[in-house]
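Written below as structure tokens is the structure these notes are about.
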There are 2 protein chains.
Amino acid sequence: MQRENLRRSNRERTDATRAALMAAARALFIEKSYAETATPEIVAAAGVTRGALYHHFADKQALFRAVVEQEAAAVAAGIGQATPDTKNARQALLDGGLAFLSAMAKPGRTRLLLLDGPAVLGRAAMDEIDARHGARTLREGLEAAMREGSMKPVPLDALTVLLSAAFDRAALSIEAGMAREDVVETLGALVGGLFPPQP
Amino acid sequence: MQRENLRRSNRERTDATRAALMAAARALFIEKSYAETATPEIVAAAGVTRGALYHHFADKQALFRAVVEQEAAAVAAGIGQATPDTKNARQALLDGGLAFLSAMAKPGRTRLLLLDGPAVLGRAAMDEIDARHGARTLREGLEAAMREGSMKPVPLDALTVLLSAAFDRAALSIEAGMAREDVVETLGALVGGLFPPQP
DNA sequence: TTGCATACATACAGCCTGTATGTTAATTAA
DNA sequence: TTAATTAACATACAGGCTGTATGTATGCAA
């Protein structure tokens with residue numbers, strides 16, 4: 001009856017157990033927040049014991065970090081896939097932004113990446129995480145636009161961070177019920193304002 | 001020895017105890033985050049017992065909410081004080097933004113209002129809190145600018161939320177070590193972009 | 001001054017996290 | 001192939017924390 005586990009290599013068992021833990025944790029963290037989710041619940045949902053959890057992850061926070069990291073990678077993948085980058089810089093930026101909003105529309109991602117993530121891991125850690133995954137997209141888009149000369153020259157790091165914050169809040173607001181079209185129009189105005197009209 | 005408390009009215013005792021609890025909690029929440037601060041620490045720092053805490057606040061989260069509310073009010077007061085609103089709409093917006101950044105520079109405010117607040121109380125609750133205190137400033141500034149006709153017409157709610165997010169992240173970034181002048185310049189470009197050049 | 005409400009202090013129950021210890025199966029060395 | 005080692009768990013335990021229940025003393029109102 002338990003035999004299903006027996007004839008698997010260690011590597012397979014590890015992968016399966018970690019995946020089960022991360023899936024269960026993800027669902028609960030989304031449903032009830034990190035703080036209100038207890039490890040006994042997680043392991044029950046994953047069908048393992050707390051021993052397995054603490055064997056594979058240093059502590060509850062490490063499990064959370066793994067989930068967040070996986071989610072950030074998924075968002076980055078969603079954006080990268082939807083960006084054929086064959087247009088002018090301004091349009092590419094907006095298209096990337098829309099892809100970001102679509103990716104963030106998957107339920108729970110805003111809570112993991114924008115609410116609990118910064119509080120549990122710290123903003124510096126979150127910055128590092130999405131610098132490693134997605135944020136390059138935005139930064140490179142802005143850099144390209146500035147080099148091409150169509151955009152006002154402003155400090156690149158600061159602009160990346162501030163626009164990123166606006167897109168983050170855009171995702172949050174849409175999830176909270178604000179009209180997506182209004183949010184998108186406003187993002188367009190914000191980004192468009194950085195491109196002076198051609199004489 | 002304990003006599004200092006005895007000859008005070010109930011109202012005075014309540015005020016003093018609540019203030020002591022909130023001050024102690026504020027310091028610890030800032031130093032170590034909400035999650036890592038235990039109520040025994042708080043009451044020890046405040047010089048009372050947990051009985052007093054749970055007499056005056058429903059639970060730990062209610063104490064946190066009171067601290068956050070107080071802090072939001074302080075920020076709003078700081079902004080309101082520094083805004084003589086005698087200039088054009090665009091300059092008034094930027095001045096208000098600078099006042100916001102100065103107010104948020106007080107140590108710990110970013111953690112309370114921008115990191116732990118949204119995670120512990122939820123973004124909806126935070127929105128409601130600073131709608132009740134500060135956010136009106138920004139919203140009204142934008143509304144004035146749009147009515148005056150100098151600013152592009154965009155959905156007001158969306159613009160308020162997105163610019164607010166940018167200012168929030170600006171405060172966070174400055175605290176994290178980013179050059180304030182770069183951040184301010186970029187905010188100026190972002191806001192300025194919403195004002196089309198006069199022909 | 002008598003009775004009730006307020007402002008606490010103390011004690012307790014349940015839960016949660018992280019660690020220590022034990023057991024079985026897979027891997028590696030001989 | 002077998003012996004030794006390590007990985008992958010499961011179980012038991014120690015401390016700490018939260019919220020509640022209960023007890024007590026002081027302010028206040030009649």
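Lettering follows sequence order; numbering is per chain, from 1. No hydrogens, no waters, no symmetry mates; every other heavy atom, side chains included, goes into these values.
Residues passing the side-chain hydrogen bond (donor to acceptor under 3.5 Å, both in side chains) test with A:Arg18, sequence neighbours excluded: none. Under the rule for a ring pair (Phe, Tyr, Trp, His ring centres under 6.0 Å), the partners of B:Phe29 that lie at least two apart in sequence or sit in another chain are B:Tyr34, B:Phe64. Under the ring pair (Phe, Tyr, Trp, His ring centres under 6.0 Å) criterion, B:Phe57 pairs with no residue at all, not counting sequence neighbours.
Among residues at least two apart or in separate chains, salt bridge (Lys or Arg N to Asp or Glu O under 4.0 Å) pairs with a member in residues 113-123 of chain A are A:Arg123-A:Asp127. Sorted by first then second residue, the ring-ring contact (aromatic ring centres under 6.0 Å, His included) pairs that include residues 147-182 of chain B, not counting sequence neighbours, number zero. Applying the salt bridge (Lys or Arg N to Asp or Glu O under 4.0 Å) rule to pairs touching residues 150-160 of chain A yields A:Arg139-A:Asp157, sequence neighbours excluded. Screening residues 103-112 of chain B for salt bridge (Lys or Arg N to Asp or Glu O under 4.0 Å), with sequence neighbours left out, gives B:Glu71-B:Arg109. The salt bridge (Lys or Arg N to Asp or Glu O under 4.0 Å) analysis of residues 29-42 of chain B, with sequence neighbours excluded, yields the pairs B:Lys32-B:Glu41.
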Identify each atom pair where a protein N or O and an N or O of nucleotides 5-7 of chain C are less than 3.5 Å apart, giving names and distance.
residue	atom	partner	partner atom	Å
C:dA7	OP1	B:Thr14	OG1	2.5
C:dA7	OP2	B:His55	NE2	3.4

Could you list the donor-acceptor pairs under 3.5 angstrom formed by side chains in residues 170-182 of chain A, with sequence neighbours left out?
residue	atom	partner	partner atom	Å
A:Ser173	OG	A:Arg169	O	2.9
A:Glu175	OE1	A:Thr110	OG1	2.2
A:Glu175	OE2	A:Thr110	OG1	3.3

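In the region residues 20-41 of chain A, proximity to DNA chain C at under 4.0 angstrom, judged on heavy atoms, holds for A:Thr37, A:Ala38, A:Thr39, A:Pro40. Contacts between residues 59-67 of chain A and DNA chain C, defined by a heavy-atom separation below 4.0 Å, involve A:Asp59, A:Lys60, listed by number.
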